[in-house]
Undergrad: 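Take a look at the following structure, please.
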Amino acid sequence: MKRNDNGPMLNAYPDSLGGSLGDIVNFLGKKELKDVFSSFYILPSIFNTDLDRGFSVIDYSLNELFAKREDLEKIEELGIDLKLDFILNHASVLSKQFQDIIKNGEKSKYRDFFIDWNKFWEGCGEMTEEGYIQPDKEYIKDMFFRKPGLPILMVRFPDGKEVPYWNTFYQEVRYPVLDAVDIRNITGVQYGIADGIANLLNTGLSEGKSPAKILEESNIYTDKLSDNQKKELCEKLESERKYLGQMDLNIKSPLVWEFYDDTLKTLADYGAKIVRLDAFAYAPKGVGEKNFLNEPATWDVLAKVRELADKYNVRLLPEIHASYEEKIYEKIADKGYMTYDFFLPGLIIDAFERQSGEVLKRWANELVEKKIQVVNMLGCHDGIPLLDLKGLISEERIQSVIDTVVKRGGYVKDLHGQKNVYYQVNATYYSALGEDDRRMLLARAVQIFMPGKPQVWYLDLFAGKNDHEAVKRAGAGGHKEINRTNLTLKDMEDGLQKEIVQKQLELLRLRSTFTVFSNDSEFTMKCNESKIFMEWKNNEERAVLKADLADCAFEIFVEKNGEKVYQYK
C-alpha cells in the first residue's frame with residue numbers, strides 16, 4: 001500500500017522492546033504492525049556510547065550489545081527509514097580524539113579538536129592558582145552555564161601539565177583506589193599509618209576532594225608524612241586519574257568538520273533520512289557572546305552542516321527547547337529546517353483539563369499558515385516540555401498542567417537546578433492523562449490529525465504507566481527513568497492483545513496509509529468550546545476527526561470522491 005510522506009515514526013532505544021534492535025525488527029514485521037510506521041527514530045545508544053543512555057558518543061559505530069548491520073537492512077526491507085542522532089556540540093572523553101590528547105598531550109593531532117579553555121579566553125581574564133583563566137565578568141555576562149562554576153575539565157597531559165578544556169555537560173573524575181599496601185610501597189611508612197592514609201584518601205576522593213587537599217589536612221596520619229611523600233602520593237593518583245564526560249568540540253578546527261562529514265555519511269549509510277541535531281545551539285562560542293543560540297553564528301554553523309547533509313540526502317532536525325514567545329521554532333522553520341513541536345504534549349493535557357480546543361486550534365492553524373514542518377509527539381525519552389509553553393498559554397495554566405501531572409505521579413524537572421524555573425515534567429503520557437484509555441486514544445487521534453510527522457514513544461503505544469521503582473533504582477537524577485521502562489517479549493505479546501494498543505495501531509495505520517495526510521493537502525481546524533473538528537482534504541480524499549474533549553467521544557471517517565471508504569468510531 002502506498003504511504004504518505006508524513007507517516008508515523010516509532011521512537012525507542014534499541015533495547016526498549018525485547019532487549020535488542022533485532023527484537024524490534026521482529027516486532028515491526030508482525031502482521032499487527034503492517035503499514036503502521038514509515039519511520040523509526042532509534043535513540044543514540046545504538047552507537048558506541050558511555051553515558052546519558054547514549055548522548056555521550058564515543059564513536060558512531062553500532063553498539064554490538066544491541067544492534068547489527070543486518071537489523072538495519074531488515075528495517076529498510078520493511079520500507080521503514082530512520083531518524084538518528086548526531087550530537088553536534090560534544091563527544092565523549094573516551095572518543096579516540098580525546099584519548100589521543102590524554103596520551104600525547106601537546107604532540108596530539110587532536111590537540112585543538114576540543115576547546116582549550118585558556119586559549120579561548122587568553123587576554124580576557126586572570127589566571128587562577130588552579131591553572132585556568134577566570135574570564136572577566138563583562139565577557140561572560142551573557143553566557144549560560146548548565147552547572148555551578150565554570151564549565152571546565154582539568155586534563156593532565158603526559159608531561160604533568162594541567163590543561164582546562166571546555167565541558168558544558170557531564171563530567172566525572174575518577175582516581176585509583178589505593179590500599180595500605182599501595183601506600184606503604186610508595187612512601188615506606190608503617191602499615192598502620194598507611195592504612196589510615198588509604199582510608200583518608202579514598203573517603204576524601206569519593207567526596208570530590210583533590211589528593212592535595214586531603215593530604216594538606218593535619219591529622220594523626222598525614223602528620224607522619226614528609227612533603228616529599230605527600231608529593232609522591234599526589235603524583236601517583238594524579239597520573240592515573242581517569243575521566244568520564246562530554247567534551248565540547250572546537251568548530252574552528254578543520255578536523256572537526258572532517259568528523260562532521262564522516263559522521264553524516266555514516267548515518268546516511270545506516271539508512272537515516274532525518275538526522276536530529278542534539279545540542280547544536282551550544283556549538284558556536286565567542287568571547288563576549290552568548291554560548292547558547294549565539295546569533296548569527298548558530299545559523300552559520302547549521303548552514304555549513306546542511307551543505308554536508310545535502311551530499312547524503314539527509315534532512316536535518318535541529319533540536320532546541322525555548323519558550324514559544326522567543327519564536328525560535330519559527331526562525332528554524334524560516335531557514336528551511338524541520339523543527340520539533342514541543343508544544344503539543346502540554347497543549348493536549350491543557351485542552352483536556354480546560355475542555356477547550358481553542359489553543360490547539362490556534363497552534364495548528366499557525367503551523368499551516370506559516371508552513372512550519374514539524375515532528376510532533378505525545379511522550380518521548382525526555383519529559384513533557386513546560387518551558388516551551390511560556391507565551392502560548394498563561395503561567396497559571398502551565399502551573400496547572402504541572403500540578404495535574406504531579407498529582408498523577410509525575411516529577412517536575414527544574415531548569416538545570418534552578419528552583420521554580422520549570423523545564424519539564426517527567427511521567428509517561430498515559431499516566432499524565434490519568435491512565436484513562438479514552439483520553440489516550442483521543443490524544444493519539446488529535447496527534448495524527450495535527451500538521452506534522454507524528455512521532456510515537458513505544459511506551460505510549462503500550463499505555464505504559466509511571467515506573468516509580470525505576471526512578472528509585474536510578475538514584476539521584478534518575479527522574480527520567482519513570483518513562484523508560486524496557487518491555488520484554490512477553491510484555492509486547494500481551495500488549496498487542498489489549499484494545500488500547502490495537503486501537504492506537506489502527507489510528508496510526510490510518511495516518512500512514514491515506515495520502516490525504518500529505519504535506520500538500522489542505523488542513524482545517526475548528527472548535528466550539530470542548531468540541532473540535534479537524535479536516536484534511538485533497539482533490540480526491542477527505543479525512544475528518546470530530547471529537548468532544550469533555551467526554552472523549554470521537555469519530556473519524558475518510559471519503560474518496562465523496563464516498564466513505566473508512567470509518568472509525
Side-chain angles (χ1 to χ4, degrees), residues 51 93-94 98-99 101-108 111 114-122 125-135 140 145-248 476:
L51 296 168
V93 162
L94 297 182
F98 203 82
Q99 288 299 302
I101 292 174
I102 293 172
K103 180 181 178 181
N104 297 309
E106 294 291 349
K107 297 178 181 178
S108 172
R111 172 66 175 84
F114 302 89
I115 301 174
D116 181 323
W117 179 269
N118 285 349
K119 283 187 178 182
F120 184 94
W121 292 107
E122 189 173 3
E126 295 293 326
M127 182 64 72
T128 64
E129 290 182 5
E130 291 84 359
Y132 63 83
I133 291 176
Q134 172 64 55
I140 60 172
F145 299 139
R146 293 175 59 98
K147 52 195 178 188
L150 296 174
I152 55 177
L153 176 68
M154 298 301 294
V155 179
R156 184 184 174 92
F157 277 17
D159 61 2
K161 179 182 178 182
E162 297 280 343
V163 180
Y165 275 91
W166 200 309
N167 165 245
T168 294
F169 291 85
Y170 182 83
Q171 67 166 257
E172 183 180 342
V173 178
R174 294 180 178 177
Y175 288 92
V177 176
L178 301 183
D179 61 20
V181 175
D182 296 322
I183 302 293
R184 187 174 179 276
N185 289 339
I186 294 167
T187 64
V189 298
Q190 292 180 344
Y191 183 86
I193 297 170
D195 190 45
I197 294 292
N199 288 330
L200 283 173
L201 282 170
N202 293 328
T203 300
L205 291 172
S206 70
E207 294 171 351
K209 297 178 182 177
S210 71
K213 279 285 185 190
I214 297 166
L215 296 175
E216 272 177 11
E217 297 171 4
S218 177
N219 55 60
I220 189 174
Y221 301 110
T222 58
D223 289 348
K224 300 295 183 183
L225 296 177
S226 68
D227 288 345
N228 191 55
Q229 287 170 323
K230 291 178 181 179
K231 184 178 178 182
E232 288 176 338
L233 280 174
C234 286
E235 176 62 24
K236 171 69 174 176
L237 288 164
E238 296 293 2
S239 67
E240 295 185 15
R241 74 177 189 240
K242 297 177 181 177
Y243 316 93
L244 286 175
Q246 298 145 295
M247 307 307 297
D248 291 42

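No hydrogens, no waters, no symmetry mates; every other heavy atom, side chains included, goes into these values.
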Undergrad: Side chains of K236 and D182: closer than 4.5 Å at any heavy-atom pair?
TA: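 A side-chain contact under 4.5 Å is absent here.
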Undergrad: Do L201 and I183 have side-chain heavy atoms sitting under 4.5 Å apart?
TA: yes
Undergrad: For the pair S108 (side chain) and G105 (backbone), establish whether a donor and an acceptor sit closer than 3.5 Å, ignoring hydrogens and angles.
TA: no
Undergrad: Distance only, no hydrogens: is a donor on one side chain within 3.5 Å (strictly under) of an acceptor on the other, for E162 and Y132?
TA: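 Not at all, the side chains of E162 and Y132 share no donor-acceptor pair under 3.5 Å.
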Undergrad: Test side-chain contact (heavy atoms from CB on, under 4.5 Å) on Y243 and V155 and set out the steps.
TA: CA-CA 9 Å; Y243 316 93; V155 179; 4.2 Å; yes
Undergrad: Where is the tightest heavy-atom contact between A198 and L178, given as atom of each residue plus distance?
TA: CB-O, 3.6 Å
Undergrad: Using 4.0 Å as the upper bound for N to carboxylate O, is an ion pair formed by E122 and K119?
TA: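 Not counted as a salt bridge, because no side-chain N and carboxylate O are separated by less than 4.0 Å.
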Undergrad: Before accepting this row, confirm whether a basic side-chain N of the pair E172/R174 lies closer than 4.0 Å to the acidic partner's carboxylate O.
TA: yes
Undergrad: Taking all heavy atoms of W117 and all of I133, pick out the closest pair and write down the distance.
TA: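 Heavy-atom minimum between the residues: NE1-O, 2.8 Å.
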Undergrad: Inspect the surroundings of CG in D223 and state if more than 12 heavy atoms from other residues, nucleotides or ligands are less than 6.0 Å away.
TA: yes
Undergrad: Can you tell me how far OG1 of T187 sits from NZ of K231, rounded to the nearest 0.5 angstrom?
TA: 16.0 Å
Undergrad: I'd like to know if the side chain of N167 and the backbone of G245 have a donor-acceptor N/O pair within less than 3.5 Å.
TA: no
Undergrad: Could you state the interatomic distance from CH2 (W121) to CD1 (I152), rounded to the nearest 0.5 Å?
TA: 11.5 Å
Undergrad: Please check if the side chain of D195 supplies one atom and the backbone of Y191 the other of a donor-acceptor pair under 3.5 Å.
TA: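 Side chain of D195 to backbone of Y191, a donor-acceptor pair under 3.5 Å: no, none is there.
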Undergrad: With distance as the sole test, does N219 use its side chain to make a donor-acceptor pair with the main-chain N or O of T222 at under 3.5 Å?
TA: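 Yes; at least one donor-acceptor contact below 3.5 Å.
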Undergrad: Run the numbers on I197 and L233 for side-chain contact (heavy atoms from CB on, under 4.5 Å), then give the verdict.
TA: CA-CA 10 Å; I197 294 292; L233 280 174; 4.0 Å; yes
Undergrad: So, for M154 and E130, which heavy atoms are closest and what is the spacing to 0.1 Å?
TA: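 In this case the closest contact between M154 and E130 is CE-O, 3.6 Å.
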Undergrad: Less than 4.0 Å between a side-chain N and a carboxylate O, is that true for K230 and E216?
TA: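 No.
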Undergrad: Tell me, do Y221 and V189 make a side-chain contact under 4.5 Å, heavy atoms counted?
TA: no
Undergrad: If I compare all heavy atoms of V93 with all of F98, which pair ends up nearest, and what's the gap?
TA: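 Looking at all heavy atoms of both residues, the closest pair is O-CB, 3.3 Å.
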Undergrad: Using every non-hydrogen atom in the two residues, find where A194 and A180 come nearest and quote the distance to one decimal.
TA: CB-O, 3.3 Å
Undergrad: Indicate yes or no: at least one non-hydrogen side-chain atom of M247 is less than 4.5 angstrom from one of L153.
TA: yes
Undergrad: Ignoring hydrogens and angles, tell me if any N or O in the side chain of D248 forms a donor-acceptor pair with the backbone of F114 under 3.5 Å.
TA: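 No; zero donor-acceptor contacts below 3.5 Å.
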Undergrad: Looking at side-chain heavy atoms only, is the closest gap between Q171 and L244 below 4.5 Å?
TA: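 No; the side chains remain at least 4.5 Å from each other.
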Undergrad: Measuring only between side-chain heavy atoms, which start at C-beta, is F169 closer than 4.5 Å to R146?
TA: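 A side-chain contact exists here, since the closest heavy-atom pair is under 4.5 Å.
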Undergrad: Hey, could you give me the NZ/CG distance between K107 and D159, rounded to the nearest 0.5 Å?
TA: 9.5 Å
Undergrad: Are E207 and K213 ion-paired here, with the side-chain N under 4.0 Å from a carboxylate O?
TA: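 Here E207 does not pair with K213 in a salt bridge, since their nearest N and O are not under 4.0 Å apart.
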Undergrad: Would you check if the distance from the ring center of F120 to the ring center of W166 is below 6.0 Å?
TA: yes
Undergrad: Between the main-chain N or O of S226 and the side-chain N or O of Q229, is there a donor-acceptor pair closer than 3.5 Å?
TA: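 Judged by distance alone, yes, a pair lies under 3.5 Å.
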Undergrad: With rounding to the nearest 0.5 angstrom, report the CZ to OH distance, R241 to Y175.
TA: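 One gets 5.0 Å once the value is rounded to the nearest 0.5 Å.
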Undergrad: Quick one: are I140 and Q134 in side-chain contact, heavy atoms under 4.5 Å?
TA: yes
Undergrad: Given the rule in the side-chain contact (heavy atoms from CB on, under 4.5 Å) test, do F157 and R111 qualify, once you have shown the distances and angles that lead to the verdict?
TA: CA-CA 11 Å; F157 277 17; R111 172 66 175 84; 3.6 Å; yes
Undergrad: Where do S239 and R156 come nearest, in terms of heavy atoms and distance?
TA: CA-NE, 3.5 Å
Undergrad: Measuring only between side-chain heavy atoms, which start at C-beta, is L205 closer than 4.5 Å to P211?
TA: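 With C-beta onward as the side chain, the pair touches.
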